[in-house]
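Numbers restart at 1 for each chain; the letters A, B, ... are given by sequence-line order, proteins then strands.
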Protein chains: 2
Amino acid sequence: MRFDDFVVLARIILGFLAISPMSGYDLIRAFRTSAAHFWSADKAQIYRTLARLVADGHARTEVVPGTGAPDRVVHHLEASGRDLLIEWLASDQKPQAERDAFTAQIFFAESLTTGELRGILDARRAAAVDARDALRAVERSLPNADPTTQRGAWLRRKTLEQGIRAHEAHIEWLDDIRTGLGDAAT
Amino acid sequence: MRFDDFVVLARIILGFLAISPMSGYDLIRAFRTSAAHFWSADKAQIYRTLARLVADGHARTEVVPGTGAPDRVVHHLEASGRDLLIEWLASDQKPQAERDAFTAQIFFAESLTTGELRGILDARRAAAVDARDALRAVERSLPNADPTTQRGAWLRRKTLEQGIRAHEAHIEWLDDIRTGLGDAAT
DNA sequence: ATCCGCATGTAAGTGGTTACATGATTCG
DNA sequence: CGAATCATGTAACCACTTACATGCGGAT
């Protein structure tokens with residue numbers, strides 16, 4: 001909830017609108033699919049932020065009558081919105097505070113039995129493997145992109161790679177701990 | 001701000017109190033020093049959570065008159081608090097949503113010039129190197145610990161290692177992008 | 001003399017999450 | 001025939017951050 005999160009969310013929405021005009025529902029899907037590996041957003045939050053972007057003149061709405069479906073409120077990026085986006089893209093991010101509940105568990109895990117500790121390590125490993133494989137599947141579904149001629153697609157692919165690498169480093173670390181614990185029963 | 005964050009914060013505080021009784025101020029320092037690589041907490045938040053833990057009977061307070069300094073309100077862990085801690089330590093964490101503003105920047109960086117892109121990559125690399133070195137310094141300041149006889153200390157050390165590895169994987173990834181961009185001027 | 005650290009809190013503002021609310025279409 | 005998806009929002013609750021508030025002691 002830090003204040004900046006609100007700004008980042010607005011900028012990400014502007015980023016999506018820069019790629020293509022979208023309805024609130026389109027954005028909800030975009031967050032669930034394309035952006036899940038680096039940001040999450042609730043739908044209430046997305047609608048609220050969209051409304052503010054329109055109120056501030058950074059986007060404008062166009063109502064597209066639904067053909068046998070509800071009407072869609074499509075949002076278009078305005079010039080001031082694009083300016084805001086570019087300014088943010090080129091800006092330095094102040095370092096984000098870490099928030100990792102699992103690491104916290106390990107930090108205080110002294111009070112656990114070896115069996116319990118192995119339990120949470122194994123569960124975490126399985127989750128990390130799943131998450132890595134899910135990102136790999138997305139990566140494979142995307143066409144290869146050339147860094148000079150298709151920079152946008154290439155960069156988006158790179159962000160998936162970052163997620164995959166992070167998960168792999170995490171898995172190796174988990175295995176290290178597992179090894180360090182040894183074979184003792186307790 | 002997700003609801004769980006509040007629970008995690010309470011458990012981390014219980015974890016610290018399990019190691020040793022502490023005042024609110026002690027906890028503020030503990031978060032700044034020992035826990036910065038996996039959790040952050042504001043002091044208002046810490047005092048509020050401490051008050052609730054006491055109200056719920058999971059901790060009790062002891063006022064220690066200050067010797068030439070303000071009184072300290074030292075918090076001691078109660079049995080029910082220890083139960084809560086252990087239960088949480090052994091529980092599976094539901095996967096946390098990613099929130100990384102820098103990755104978001106890269107994802108939408110298509111609109112930037114190569115120069116601007118290099119700028120944010122370099123800034124980020126410098127920040128990551130600093131963060132890694134800071135963790136390494138902390139790691140070096142800690143005595144080595146044996147996984148079987150000093151499990152608590154060993155695990156706490158491992159969490160630092162996790163942070164260091166994550167930063168290193170991140171730096172490699174940044175360098176990869178830098179290389180992929182090539183030498184072109186624009 | 002001033003700033004920083006110790007030490008404890010409270011109040012106000014802001015935003016995130018959850019649940020509520022509605023209604024049509026499509027798929028099994 | 002029920003469940004899921006499309007599609008849009010609102011209201012209530014809750015917690016995090018920022019700023020406010022106070023006061024002593026030691027260092028520069």
Side-chain angles (χ1 to χ4, degrees), chain A residues 1-13 16 21-33 35-36 39-56 59 61-75 94-99 101, chain B residues 1-13 16 21-33 35-36 39-56 59 61-75 94-99 101:
Chain A
M1 93 181 35
R2 41 190 136 295
F3 271 161
D4 309 334
D5 280 13
F6 177 70
V7 174
V8 175
L9 177 64
R11 300 305 180 265
I12 290 176
I13 289 177
F16 276 123
M22 287 185 179
S23 69
Y25 199 80
D26 291 333
L27 281 165
I28 292 168
R29 263 181 313 191
F31 274 95
R32 263 213 323 264
T33 59
W39 207 264
S40 69
D42 188 81
K43 79 189 164 88
Q45 209 180 338
I46 290 171
Y47 283 118
R48 184 159 27 92
T49 307
L50 269 177
R52 179 169 307 193
L53 288 174
V54 171
D56 292 348
T61 58
E62 172 203 10
V63 179
V64 178
T67 57
D71 291 354
R72 291 162 40 80
V73 181
V74 178
H75 294 71
K94 52 179 163 208
Q96 275 181 263
E98 296 288 334
R99 287 238 162 153
Chain B
M1 88 149 61
R2 43 190 136 293
F3 270 161
D4 309 334
D5 280 12
F6 176 71
V7 174
V8 175
L9 177 64
R11 300 304 179 270
I12 291 176
I13 289 177
F16 276 123
M22 288 186 179
S23 69
Y25 199 80
D26 291 335
L27 281 165
I28 292 167
R29 262 181 314 191
F31 274 94
R32 263 211 323 262
T33 58
W39 208 265
S40 69
D42 188 81
K43 79 193 166 89
Q45 209 180 338
I46 291 172
Y47 282 118
R48 182 161 28 94
T49 307
L50 269 177
R52 179 169 308 192
L53 287 174
V54 172
D56 292 348
T61 58
E62 173 204 9
V63 179
V64 179
T67 57
D71 291 354
R72 292 162 39 82
V73 182
V74 177
H75 293 71
K94 51 179 164 208
Q96 273 180 266
E98 295 289 333
R99 287 236 161 154

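Looking at heavy-atom distances under 4.0 Å, A/Ala51 makes no contact with the nucleic acid at all.
For the pair A/Asp71 CG and C/dA24 P, the interatomic distance rounds to 13 Å; values are reported in whole Å. Rounded to an integer number of Å, the gap from B/Arg72 CZ to C/dT8 P is 6 Å. With rounding to whole Å, A/Ile28 atom CD1 is found 14 Å from C/dT17 atom C1'. Rounding to whole angstrom units, CG of residue B/Asp5 and P of D/dA15 are separated by 11 Å. Rounded to a whole Å, the CG atom of B/Leu27 is 12 Å from the P atom of C/dG9. Taking atom CZ of residue B/Arg52 and atom C1' of nucleotide C/dG9, one finds them 17 Å apart after rounding to whole Å. Atom CG of B/Asp42 and atom P of C/dA12 are 17 Å apart (whole Å). Distance CD1 (B/Ile46) to C1' (C/dC6): 15 Å, rounded to an integer number of Å.
Below the 3.5 angstrom threshold, one finds a donor paired with an acceptor across the side chain of A/Arg48 and the base of C/dG16.
Not one side-chain nitrogen or oxygen of A/Gln45 sits closer than 4.0 Å to the OP1 or OP2 atom of C/dG15. In terms of phosphate contacts, B/Tyr47 brings a side-chain nitrogen or oxygen within less than 4.0 Å of OP1 or OP2 of C/dT8. Within the structure, a side-chain polar atom (N or O) of A/Tyr25 is placed less than 4.0 Å from OP1 or OP2 of D/dC6.
Taken from NE2 in B/His75 to CD1 in B/Ile13, the straight-line distance is 9.0 Å, to the nearest 0.5 Å. Atom-to-atom distance recorded for B/Asp4:CG and A/Arg99:CZ is 12.0 Å, nearest 0.5 angstrom. Separation of atoms CZ (A/Arg72) and OG1 (A/Thr61) is listed at 13.0 Å; rounding is to 0.5 Å.
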Please step through side-chain contact (heavy atoms from CB on, under 4.5 Å) for the pair B/Phe31 and B/Ile12, ending with a clear verdict. CA-CA 9 Å; B/Phe31 274 94; B/Ile12 291 176; 3.6 Å; yes
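Between C/dG9, C/dT18, D/dG9, one nucleotide has an atom nearer to the side chain of B/Val73 than all others, and that is C/dG9.
B/Phe6 is listed as a side-chain neighbour of B/Thr49, based on a closest heavy-atom distance under 4.5 Å.
Comparing A/Arg32 and A/His75 against DNA chain D, the residue whose closest nucleotide sits nearer the 5' end is A/Arg32. In terms of position along DNA chain C, the nucleotide closest to B/Arg29 lies nearer the 5' end than the nucleotide closest to the other residue of the pair B/Arg29 and B/Lys43.
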